[in-house]
Amino acid sequence: MVKLTPELINQSMQFINPCRERELDLRGYKIPQIENLGATLDQFDTIDLSDNDLRKLDGLPYLSRLKCLLLNNNRILRIGEDLHECVPNLNSVILSGNNLQELGDLEPLTQLQHLETICLLMNPVSTKPYYREYMAYKFPHLRLLDFRKIKQKDRKAAIEFFRSKQGKELLKEVAKKSKQSAAAAALADGSAAKAGGGRFANPEDIRRIREAIKRASSLAEVERLSQILQSGQIPDNFVLEQNGSTTNGTSSGGGSDAAMEH
């Protein structure tokens with residue numbers, strides 16, 4: 001098992017793939033969690049994290065360029081609720097050979113407005129009754145599901161089904177299970193945050209940290225801010241003033257009401 005460090009990212013294979021997209025190859029390291037992808041500086045269209053040991057699809061910084069995530073053969077059980085904020089232009093996500101269980105587990109993916117290709121082969125969820133109908137209904141822009149085209153007639157049939165009494169009952173059951181799963185996930189995330197401290201950076205955090213790096217007055221401050229940016233996590237008691245200065249603990253210089261404290 002290998003930690004996903006900035007050094008590993010910078011040493012990994014980078015190339016132009018057959019789709020003429022810039023790709024980063026991080027497969028096969030048995031990485032347990034996604035972290036430090038800020039070190040990519042958002043320079044890749046595709047990131048391959050196949051054949052690792054991921055249990056949750058989260059921990060991504062803001063990557064506006066990223067179009068494709070390859071996540072084959074991990075152990076992914078959950079998808080982060082804020083995924084759409086981190087990778088707003090994601091077009092394709094390949095999740096074959098993972099452990100997604102319920103249709104409601106896929107709800108975070110519905111927030112990805114540009115998603116056209118999903119693969120969930122060899123996940124328990126792909127064996128659920130009305131799986132393809134549900135996907136065609138919930139993902140209006142989806143073109144390929146498990147490498148099979150969703151045709152217009154398939155989408156129309158799915159819409160008709162979910163307008164029926166049986167379809168409405170299925171949607172209620174999926175929503176119920178989704179809420180239960182979200183509550184359990186929130187509890188788990190809260191416990192993890194309490195144990196490890198800090199939180200994931202959001203796009204506004206990232207923007208302000210980059211501005212702070214430009215205004216930094218010392219090399220030590222640049223390095224510290226760069227490490228935070230690369231990790232994608234805001235430490236506890238971290239304060240970032242609007243003028244770009246940073247402190248640990250309380251803010252300096254009377255700008256506390258404009259500070260970001262975490």
Looking at [Y] and [X], is there a salt bridge between them, counting it only when a charged N and a carboxylate O are closer than 4.0 Å?
X	Y	value
D45	R65	yes
K67	E21	no
K214	E211	yes
D146	R148	no

Could you go through L71 and I94, starting from their C-alpha distance and side-chain angles, then the distance that decides it, and tell me whether this counts as side-chain contact (heavy atoms from CB on, under 4.5 Å)? CA-CA 6 Å; L71 296 153; I94 308 301; over 6 Å; no
Rounded to the nearest 0.5 Å, what separates atom [atom1] in [X] from atom [atom2] in [Y]?
X	Y	atom1	atom2	result
S126	M135	OG	CE	10.0 Å
Q11	L26	CD	CG	11.5 Å
L142	T117	CG	OG1	7.0 Å
I79	L100	CD1	CG	5.0 Å
D58	D82	CG	CG	7.5 Å
E23	Q14	CD	CD	11.0 Å

[Y] and [X] side chains, donor-acceptor separation under 3.5 Å:
X	Y	result
D154	Q152	no
D42	S64	yes
N72	S96	yes
D51	N73	yes

Between [X] and [Y], is there a donor-acceptor pair closer than 3.5 Å when you use the side chain of the first and the backbone of the second?
X	Y	answer
D48	D25	no
R155	F139	yes
N52	L54	no
N74	L49	yes
D53	I31	no
N98	N123	no
D105	E102	yes

Give me each pair satisfying ring pair (Phe, Tyr, Trp, His ring centres under 6.0 Å) with a member in residues 90-134, each pair once, sequence neighbours excluded. Y130-F161
Heavy-atom distance under 4.5 Å between the side chains of [X] and [Y], does that happen here?
X	Y	result
I34	L57	yes
E107	K138	yes
L60	L83	yes
I150	L144	no
R78	I76	no
I47	L70	no
R22	Q43	yes

Contacts of Y137 meeting ring pair (Phe, Tyr, Trp, His ring centres under 6.0 Å) (sequence neighbours excluded), chain-then-number -> F162
According to a hydrophobic-cluster definition based on side-chain heavy atoms being under 4.5 Å apart (Ile, Leu, Val, Met, Phe, Trp, Tyr only), do L121 and L95 belong together? no
Same apolar cluster: L69 and Y29, side chain cutoff 4.5 Å: yes
Report the hydrophobic cluster partners of L77, with the cluster defined as I, L, V, M, F, W, Y residues connected by side-chain heavy atoms closer than 4.5 angstrom, directly or transitively. none
Apart from M13 itself, residues in the same hydrophobic cluster as defined by side-chain heavy atoms under 4.5 Å: F15
Yes or no on side-chain contact (heavy atoms from CB on, under 4.5 Å) for H84 and Q113, after CA distance, side-chain angles and deciding distance? CA-CA 8 Å; H84 64 289; Q113 299 300 311; over 6 Å; no
Start with the C-alpha distance between E173 and L103, add both sets of side-chain angles, then the distance that settles side-chain contact (heavy atoms from CB on, under 4.5 Å), and finish with yes or no. CA-CA 10 Å; E173 183 64 22; L103 293 172; over 6 Å; no
Please identify each residue that fulfils side-chain contact (heavy atoms from CB on, under 4.5 Å) with T40, with sequence neighbours left out. I9, L24, L37, F44, L63
For K168, what residues pass the side-chain contact (heavy atoms from CB on, under 4.5 Å) criterion, not counting sequence neighbours? none
Does the pair E160 and K156 meet the rule for a side-chain contact (heavy atoms from CB on, under 4.5 Å), with working shown? CA-CA 6 Å; E160 287 300 316; K156 287 181 179 179; 5.7 Å; no
Could you pull out the closest heavy-atom pair between A158 and A136, with the gap in Å? CB-CB, 3.9 Å
